Each structure stands twice: as C-alpha cells, then as structure tokens.
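Computed over heavy atoms, backbone and side chain alike; hydrogens, waters and symmetry mates excluded. What you are looking at is a predicted structure, and each value in this text was computed from that prediction instead of being measured.
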Amino acid sequence: MTGASTGIGEATVLHLRELGFDSIAGVRKDEDAARLEGQGVRTTRIDVTNADQIAAARDELGDTPLAGLVNNAGIAVAAPLEFLPIDRLRQQLEINLIGQAAVIQAFLPALRRARGRIVNVSSIGGRVGLPLVSPYNASKFGLEGLSDSLRRELRPQGIDVILIEPGGVKTPIWNKAEKLADDMLSDGMPPEAEQLYGTMIEAVRAGTARIARETGIEPREVAEAIGTALTARRPRARYLVGRDAKTRWAMAKILPDRVMDRLIGRALGS
C-alpha cells in the first residue's frame with residue numbers, strides 16, 4: 001500500500017492485517033516507518049515519484065506473489081488555475097497519476113503470479129469537478145480513465161482493477177491543501193487573484209476545514225471498502241464511499257451540467 005503513513009493508508013494497512021493479509025506499508029519517512037513497525041506492520045520506503053525507490057521496493061518483494069496493490073499516495077493542490085504555477089500542476093499529476101502508473105508497472109509481474117488485484121484510490125473528485133481544485137480533479141479524472149482501460153487490458157490475465165471513490169474524509173490531505181492555498185495567495189499570487197476569486201477561495205477553504213475536522217467520514221470507512229474490494233468474490237469496478245460522494249454523483253447523473261454549475265456556485269457564494 002502506497003501512501004500508508006497517515007489517514008486512509010494507515011487505516012487500511014491496519015484493517016487488512018485484521019483481515020489476514022500480510023500488509024506492507026509504503027511510506028516516505030523513517031519516523032512513519034518506525035511508528036507503523038511499532039504496531040507490527042511491515043514497511044518499505046517508497047516515494048512514487050522516485051524510480052529507484054519503486055525498483056528497490058519491488059526487488060525487496062522478490063519472487064513473492066502479490067495478492068493486492070493499493071495505490072493511495074497523493075496530494076491535493078488547490079488554487080485558481082489562472083494563477084497556478086505550472087510546476088504545481090506537474091507535481092500534482094506526477095504524484096497522483098504518473099506515480100501510480102509507475103508503481104503498477106513495477107508490481108504487475110508479482111500480481112500476475114497471484115492473480116492479484118489492483119485497487120486505485122480515486123475520489124468523487126474523479127467524477128465531479130469543483131472550483132479551485134482543478135489540478136486535483138484532473139489527476140483523479142486521469143486515474144479513473146487509466147483504471148478503466150487497465151481493467152480491460154488485464155481482464156484476460158485474471159487481474160482485476162478496482163476504483164475507490166471517497167467523498168470528504170478526515171485526513172491530513174485537506175489541511176495540507178488549505179495551507180497550500182494560503183501560501184499561494186500570500187506568496188505567489190497577484191492582488192487581482194484575491195479580487196477575482198476571494199469569495200470562492202474563502203468558501204472552499206472553509207469547506208475543506210470542515211471536512212478535515214467535522215463532516216468528513218473516518219478513514220476506517222474507506223479502509224473497509226478497500227478490504228471489500230480485495231476480498232469480495234465478485235468485486236464492483238467502483239465503490240463510492242460516504243454519503244456526500246453518493247449524493248453528489250446521484251445529482252450529477254440526473255442534472256444537466258449547467259444546473260450543477262449553478263448549484264455548486266450557490267453553495268460557494270458565487
């Protein structure tokens with residue numbers, strides 16, 4: 001499991017261990033590895049943007065068959081696209097999309113040996129886009145397309161590919177996104193950014209803060225969906241997790257895009 005140091009990743013490796021899996025937590029920092037190892041979890045160092053670390057984690061596994069690969073590593077970049085440094089967009093796609101593909105490539109032979117499953121942690125943001133998180137939405141929409149195509153490529157080989165699509169989850173990713181937006185506004189954006197997008201920025205910032213501290217579901221709920229994806233005899237191709245994710249998708253399916261635009265705009269005071 002990549003991105004296992006906190007939030008969904010940490011909850012999942014612990015839940016999978018409860019289900020009888022020999023979970024391996026992919027983390028970037030030594031202190032996170034030490035904390036998880038203290039809970040009896042195996043760890044490996046893996047930054048999904050670092051080819052050498054991906055190869056080392058694969059070599060560490062050796063010829064062992066792999067029952068499942070859970071791609072969870074990710075960040076959320078939040079800012080008006082007009083003023084977003086393009087390097088930030090590249091970083092978002094590199095971590096949330098390109099890195100996932102690189103990890104899948106590395107571990108496919110081990111998955112093939114066990115007819116294992118790939119579980120990609122996407123988001124309702126991979127189906128319905130919101131303002132100011134277009135980089136994040138782009139990465140998750142891309143992961144959805146990659147997963148659909150890959151599922152059809154690997155189906156003849158007995159390897160399944162499953163998407164997990166949570167709504168708001170109480171994880172550090174949204175605190176980091178809120179801080180990133182604050183940093184961009186204070187350090188890198190011209191005054192007109194505040195004039196043009198200030199009301200929307202405040203609404204989105206308040207919303208992400210509520211997700212992280214109040215309204216978001218617990219990471220354990222997403223972990224249980226991942227456990228189901230790995231163990232169900234006939235898993236679904238997608239699992240929406242959380243009431244907000246299910247509600248947003250139900251609305252998006254039946255309402256015209258322009259109506260959704262207006263509803264989202266009203267919710268953000270724009």
Side-chain angles (χ1 to χ4, degrees), residues 1-29 31-46 48 57 60-61 64-76 96 99-100 103-104 107 110-111 114-126 140 143 147 159-176 211-246:
M1 172 130 198
T2 66
S5 58
T6 59
I8 293 170
E10 180 179 15
T12 300
V13 293
L14 296 174
H15 177 58
L16 293 180
R17 189 177 62 174
E18 293 171 2
L19 295 178
F21 286 93
D22 181 10
S23 304
I24 304 174
V27 299
R28 293 185 301 114
K29 299 178 181 178
E31 55 266 35
D32 292 327
R35 177 172 47 79
L36 287 167
E37 287 166 4
Q39 299 177 72
V41 176
R42 291 174 62 188
T43 67
T44 187
R45 305 300 188 278
I46 184 167
V48 299
E60 185 179 329
L61 186 67
T64 304
L66 192 62
L69 170 65
V70 184
N71 282 302
N72 176 65
I75 63 170
N96 285 29
Q100 317 305 313
V103 171
I104 290 168
F107 287 95
L111 288 160
R115 295 174 69 88
R117 297 177 182 178
I118 298 168
V119 178
N120 290 330
V121 181
S122 180
S123 165
I124 185 57
K140 294 302 187 180
L143 186 62
S147 299
I159 300 172
D160 206 352
V161 181
I162 302 154
L163 282 156
I164 305 295
E165 301 169 327
V169 183
K170 292 178 181 176
T171 71
I173 191 173
W174 296 115
N175 288 329
K176 293 173 184 176
I211 289 171
R213 296 160 198 158
E214 300 170 21
T215 63
I217 61 175
E218 295 296 331
R220 171 80 183 200
E221 191 169 337
V222 185
E224 290 174 353
I226 293 170
T228 298
L230 287 170
T231 58
R233 183 168 175 267
R234 293 182 178 175
R236 300 199 296 266
R238 285 172 165 79
Y239 289 85
L240 281 164
V241 187
R243 181 180 297 176
D244 61 331
K246 294 172 184 176

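- To the nearest 0.5 Å, the span separating OG1 on T228 from CZ on R236 amounts to 8.5 Å.
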- Audit row: I8, I226, side chain to side chain contact (heavy atoms under 4.5 Å, CB included) steps and yes/no: CA-CA 10 Å; I8 293 170; I226 293 170; 4.1 Å; yes
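- The closest side-chain heavy-atom distance from V103 to I46 is below 4.5 Å.
- A distance of 10.5 Å separates CD in E37 from CZ in R42, rounded to the nearest 0.5 Å.
- Classification of R220 and E224 as a salt-bridged pair holds, one side-chain N sitting under 4.0 Å from a carboxylate O.
- Side chain of D160 to main chain of R117: no donor-acceptor pair is present (N/O by atom type, distance under 3.5 Å, no hydrogens or angles).
- Taking the side chain as every heavy atom from C-beta outward, N71 and V48 never approach each other to under 4.5 Å.
- Counting heavy atoms from C-beta outward, I118 and F107 have side chains that stay 4.5 Å or more apart.
- Contact detail for E60 and T44: the closest heavy-atom pair is OE1-OG1, 3.1 Å.
- Here the closest non-hydrogen pair linking V13 and A4 is CG1-CB, 4.0 Å.
- Within the 4.5 Å cutoff, no side-chain heavy atoms of T12 are placed close to those of V222.
- The CD atom of Q39 lies 7.0 Å from the CZ atom of R17; values are rounded to the nearest 0.5 Å.
- Pairing each heavy atom of T2 with each of A73, the nearest pair is OG1-N, 3.1 Å.
- Counting all heavy atoms, side chain and backbone alike, Q100 lies closest to N96 at CG-O, 3.0 Å.
- For R243, the salt bridge (charged side-chain N to carboxylate O under 4.0 Å, His left out) criterion is met by no residue, not counting sequence neighbours.
- Separation of atoms CD (E18) and OG (S23) is listed at 9.5 Å; rounding is to 0.5 Å.
- Pairing each heavy atom of V41 with each of A25, the nearest pair is CG1-CB, 3.9 Å.
- Residues I104 and V161 form no side-chain contact, since every pair of their non-hydrogen atoms from C-beta on lies 4.5 Å or further apart.
- In terms of heavy-atom proximity, K140 sits nearest to V121 at NZ-O, 2.9 Å.
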With a cut-off of 3.5 Å and sequence neighbours excluded, list every side-chain donor-acceptor pair involving residues 162-169.
residue	atom	partner	partner atom	Å
E165	OE1	R127	NE	2.9
E165	OE1	R127	NH2	2.6
E165	OE2	R127	NE	3.1
E165	OE2	R238	NE	3.2

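- In this structure, the side chains of V119 and L230 come closer than 4.5 Å at one or more pairs of heavy atoms.
- The structure places OG1 of T64 at 7.5 Å from CD1 of I24, a figure rounded to the nearest 0.5 Å.
- For the pair I124/D244, no side-chain contact is recorded, criterion being any heavy-atom separation below 4.5 Å from C-beta on.
- Distance check, rounded to the nearest 0.5 Å: NZ of K170 to OG1 of T215 gives 8.0 Å.
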